[in-house]
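Right, one structure below, let's go through it.
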Amino acid sequence: MDNAIYTMLTRQSGLMREFSTVANNVANMGTTGFKAEHGVFTEFISRLENGSAAGLGGDSLSMGRLGAHATDFSDGGLKSTGGALDMAISGDGFFQVQTNAGPRLTRAGHFMLNADRVLVDPQGNAVMGAGGGEIAIPLEAANIQVGLDGTISSDGIEYGRIGVVTAAPDTLVREGGNLWNAPNTRPLEEAKIVSGFLEQSNVNPVLEMARMIEVQRHYDAGQSLMDLEDDRIRSVAQTVRQMS
């Protein structure tokens with residue numbers, strides 16, 4: 001394959017993936033606790049076949065590609081819901097829920113009670129308490145309150161405390177829109193839980209739309225260059241055939 005086309009294909013592939021990332025951010029602007037992702041483009045030098053050492057002469061090829069994604073873990077805005085079991089974390093930390101695949105982390109604090117009066121998320125995953133177990137609230141607990149430290153009580157009787165954990169950002173692996181898996185977590189004792197609020201997505205719609213337009217513009221420019229290169233190769237091939 002021609003080097004110029006190979007270079008542009010690598011770039012176009014990265015731009016397509018970046019476009020998908022931006023589109024996913026836009027689609028999750030209304031998702032509770034969603035964290036936006038950004039693409040990280042990198043440049044690398046590839047040594048050409050039978051060429052000299054990379055970067056030391058004209059026999060190397062510089063190419064750009066989408067190397068990784070970075071997540072923006074900044075806080076989203078807080079939206080008041082008035083729900084007794086709606087919670088948001090102010091600052092660092094994640095709620096922990098018990099899924100079929102094991103404990104997972106989330107910033108989405110829209111919780112409720114299931115038929116057994118166990119605190120769960122909308123998918124039915126039990127919310128883990130500070131001690132690692134489930135939190136059950138008896139039927140007689142009518143006036144439920146959640147303290148700043150996550151303690152759940154009713155009429156002065158405590159029924160458990162919401163567990164909040166933290167993990168190194170580079171170890172967090174996104175699983176779906178709002179769940180994260182981390183091999184090592186540790187309790188966050190100084191966590192601040194705001195009751196009656198939900199954390200909104202931290203996606204900035206204006207910036208995302210600007211990025212979408214910019215990515216589209218770069219992709220169109222790359223496509224035009226590929227079309228010109230294709231025309232050039234066709235012209236050369238036609239000239240060779242006419243001369244032979």
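If you're wondering where the values come from, they're calculated on a predicted model, not measured in any experiment.
Of all non-hydrogen atoms in Ala70 and Val40, the two that sit nearest each other are CB-CG2, 4.0 Å. Looking at every heavy atom in both residues, Ala108 comes nearest to Thr32 through CB-O, 3.6 Å. Shortest non-hydrogen contact noted between Glu208 and Ala36 is OE2-CB, 4.4 Å. The nearest pair of heavy atoms linking Ser201 to Met29 is CB-O, 3.2 Å.
Side chain of Thr239 to main chain of Ser235: a donor-acceptor pair is present (N/O by atom type, distance under 3.5 Å, no hydrogens or angles). Using modelled atom types, no side-chain atom of Asn24 and backbone atom of Ser20 make a donor-acceptor pair closer than 3.5 Å. Under the 3.5 Å distance criterion, the side-chain polar atoms of Gln96 are left unmatched by any main-chain donor or acceptor of Val164. A donor-acceptor distance shorter than 3.5 angstrom exists from the side chain of Lys35 to the backbone of Ser74, with no hydrogens or angles considered. Arg104 contributes no side-chain N or O that, together with a main-chain N or O of Leu179, makes up a donor-acceptor pair within less than 3.5 Å. Between the side chain of Asp121 and the backbone N or O of His110, no donor-acceptor pair lies under 3.5 Å. In terms of modelled atom types and a separation under 3.5 Å, the side chain of Thr171 and the main chain of Ala168 share a donor-acceptor contact. Under a 3.5 Å cut-off, the side chain of Asn25 and the backbone N or O of Glu37 do form a donor-acceptor pair. Ser154 places a side-chain N or O within donor-acceptor distance of the main-chain N or O of Asn143, the cut-off being under 3.5 Å.
No hydrogens or angles considered: nothing links the side chains of Asn125 and Thr99 as a donor-acceptor pair under 3.5 Å.
The salt bridge (Lys or Arg N to Asp or Glu O under 4.0 Å) search around Glu189 returns Arg161, not counting sequence neighbours. Residues satisfying the ring pair (Phe, Tyr, Trp, His ring centres under 6.0 Å) test with Phe34, not counting sequence neighbours, are none. When the salt bridge (Lys or Arg N to Asp or Glu O under 4.0 Å) test is applied to Arg107, the partners found at least two apart in sequence or on another chain are Asp75, Glu199. By the side chain to side chain contact (heavy atoms under 4.5 Å, CB included) test, Leu207 is found to be paired with Asn204, residues two or more places apart in sequence or in another chain being considered.
In this structure, Thr106 OG1 and Ile89 CD1 are separated by 8.5 Å, a value rounded to the nearest 0.5 Å. We find the CG-CE distance between Leu198 and Met87 to be 10.0 Å, quoted to the nearest 0.5 Å. With rounding to the nearest 0.5 angstrom, the CD1 atom of Ile137 is 5.5 Å from the CG atom of Leu85. Annotation: the span from Met16 atom CE to Leu9 atom CG amounts to 11.0 Å, rounded to 0.5 Å. Here Ile152 contributes atom CD1 and Ile157 contributes atom CD1; the two are 14.0 Å apart, rounded to the nearest 0.5 Å.
Both Ile135 and Leu188 are members of a single hydrophobic cluster when ILVMFWY side chains are connected at heavy-atom separations under 4.5 Å. Hydrophobic cluster membership differs between Val165 and Val173, with clusters built from Ile, Leu, Val, Met, Phe, Trp and Tyr side chains linked at under 4.5 angstrom.
Aromatic ring centroids of Trp180 and Phe95 lie 6.0 Å or more apart.
Side-chain contact between Ile193 and Leu148 is absent, with no heavy-atom pair separated by less than 4.5 Å. For the pair Gln12/Met226, a side-chain contact is recorded, criterion being any heavy-atom separation below 4.5 Å from C-beta on. Contact check for Arg11 versus His218: side-chain heavy atoms found under the 4.5 Å cut-off. Here the side chains of Leu172 and Phe94 are in contact, with some heavy-atom distance below 4.5 Å. Side-chain contact between Arg186 and Thr166 is present, with heavy atoms from C-beta onward closer than 4.5 Å. Between Leu105 and Asn181 there is no side-chain heavy-atom pair separated by less than 4.5 Å.
For Gln200, the CD atom sits in a packed shell: over 12 heavy atoms of surrounding residues, nucleotides or ligands are nearer than 6.0 Å. Few gaps surround CG on Asp231; more than 12 heavy atoms of other groups in view lie less than 6.0 Å from it. The environment of Gln242 atom CD is dense: over 12 non-hydrogen atoms of other residues, nucleotides or ligands sit within 6.0 angstrom.
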**OP:** Take Arg174 and Thr71, measure what side chain to side chain contact (heavy atoms under 4.5 Å, CB included) needs, and give me the verdict at the end.
**Re:** CA-CA 9 Å; Arg174 191 192 293 268; Thr71 303; 3.8 Å; yes
**OP:** Applying side chain to side chain contact (heavy atoms under 4.5 Å, CB included), run through Glu134 and Val127 and close with a yes or a no.
**Re:** CA-CA 6 Å; Glu134 300 176 347; Val127 180; over 6 Å; no
Original post:
Would His38 and Thr21 count as a side chain to side chain donor-acceptor pair (under 3.5 Å) if you check the C-alpha gap in whole Å, the side-chain angles of each, and the deciding distance to 0.1 Å?
Top reply: CA-CA 7 Å; His38 301 145; Thr21 299; over 6 Å; no
**OP:** Could you walk me through whether Thr31 and Val203 pass the side chain to side chain contact (heavy atoms under 4.5 Å, CB included) test, one step at a time?
**Re:** CA-CA 10 Å; Thr31 301; Val203 173; over 6 Å; no
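Other cluster members for Phe197: Leu78, Val194, joined by side-chain heavy-atom distances under 4.5 Å among Ile, Leu, Val, Met, Phe, Trp and Tyr. Grouped with Val120 in one hydrophobic cluster are Met112, Val118, the linkage being side-chain heavy-atom contacts under 4.5 Å among Ile, Leu, Val, Met, Phe, Trp and Tyr residues.
The residues Glu214 and Arg211 are annotated as not salt-bridged, no charged nitrogen and carboxylate oxygen being separated by less than 4.0 angstrom.
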